[in-house]
Peer 1: 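My questions will all concern the structure given below.
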Amino acid sequence: MKLNYITIMVGDIEKAIEFYQKWVGLKIVNHLHLEMGQIVFLSNGKNETMLELIQFKDAEKVSMSGIVMSYSTDEKFDTLKERALHLGYSPTEIICDSTKSDYFRLLDSDGITVEFSI
């Protein structure tokens, strides 16, 4: 079984797209402009799990607590943290945990915790 996509009902779709494109490196694979709002699918490659962002008028927005989206990267943490600061985000310190890879976290435009590990 394969996870096709995760849906997030965002408050500002343009800010969410900017975060996931510039920071995470996802690319738009489909962008629907509908009467009720917009739907955008982002992915990092063909046949990969996608992230679906939805902004509909008067629809409930995401409120997150206890969920972390985790991405692995080949970039050096110093480079990633510098980029996060340059883009106006507030990354945590690098967390060294013997039960998993080192990581740091930051919040996306809707307050979702996003974790980056090497």
Peer 1: Decide whether Phe116 and Leu107 are clustered together by the hydrophobic rule: side chain heavy atoms of Ile, Leu, Val, Met, Phe, Trp, Tyr closer than 4.5 Å, transitively.
Peer 2: no
Peer 1: Among Val114, Val24, Thr113, which residue satisfies the side-chain contact (heavy atoms from CB on, under 4.5 Å) criterion with Asp108?
Peer 2: Val114
Peer 1: Side chain of Lys81, backbone of Lys76: donor and acceptor closer than 3.5 Å?
Peer 2: no
Peer 1: Show your working on side-chain contact (heavy atoms from CB on, under 4.5 Å) between Phe19 and Leu106 and close with a plain yes or no.
Peer 2: CA-CA 11 Å; Phe19 177 86; Leu106 53 88; 3.4 Å; yes
Peer 1: Indicate if Leu85 and Trp23 have the same hydrophobic cluster label, given that clusters are the connected sets of ILVMFWY residues with side-chain heavy-atom separations under 4.5 angstrom.
Peer 2: no
Peer 1: Rounded to the nearest 0.5 Å, what separates atom NZ in Lys57 from atom CD in Gln38?
Peer 2: 10.0 Å
Peer 1: Checking Tyr103 now: which residues fulfil ring-ring contact (aromatic ring centres under 6.0 Å, His included) with it, not counting sequence neighbours?
Peer 2: none
Peer 1: Walk me through it: do Thr79 and Glu82 pass the test side-chain contact (heavy atoms from CB on, under 4.5 Å)?
Peer 2: CA-CA 5 Å; Thr79 304; Glu82 282 180 35; 5.9 Å; no
Peer 1: Ile17 and His31: side-chain contact (heavy atoms from CB on, under 4.5 Å), yes or no, with the steps?
Peer 2: CA-CA 11 Å; Ile17 290 169; His31 193 157; 4.1 Å; yes
Peer 1: My understanding is that only one of Leu32, Thr7, Ile13, Leu34 makes a side-chain contact (heavy atoms from CB on, under 4.5 Å) with Ile54; could you say which?
Peer 2: Thr7
Peer 1: When you look at NE2 of His86, are more than 12 heavy atoms from neighbouring residues, nucleotides or ligands closer to it than 6.0 Å?
Peer 2: no
Peer 1: Do Gln21 and Val40 come within less than 4.5 Å of each other through their side chains, counting heavy atoms only?
Peer 2: no
Peer 1: Can you establish whether the number of heavy atoms outside Tyr71 located under 6.0 Å from its atom OH is more than 12?
Peer 2: yes
Peer 1: Is a donor on one side and an acceptor on the other found under 3.5 Å between the side chain of Asp110 and the backbone of Gly11?
Peer 2: yes
Peer 1: In Å, rounded to the nearest 0.5 Å, how long is the span from CZ of Phe104 to CD1 of Ile95?
Peer 2: 10.0 Å
Peer 1: Atom OG of Ser117 and atom CG of Asp102: how far apart are they, to the nearest 0.5 Å?
Peer 2: 9.0 Å
Peer 1: How long is the span from the OH atom in Tyr20 to the OG atom in Ser43, to the nearest 0.5 Å?
Peer 2: 14.0 Å
Peer 1: Under 4.5 Å between any side-chain heavy atoms of Glu115 and Arg105, yes or no?
Peer 2: yes
Peer 1: How long is the span from the CG atom in Asn4 to the CD atom in Glu48, to the nearest 0.5 Å?
Peer 2: 12.0 Å
Peer 1: Can you pull out every salt bridge (Lys or Arg N to Asp or Glu O under 4.0 Å) where at least one residue sits in residues 13-22? Sequence neighbours excluded, please.
Peer 2: Glu18-Lys22
Peer 1: To the nearest 0.5 Å, what is the distance between CD (Glu52) and CG (Leu42)?
Peer 2: 10.0 Å
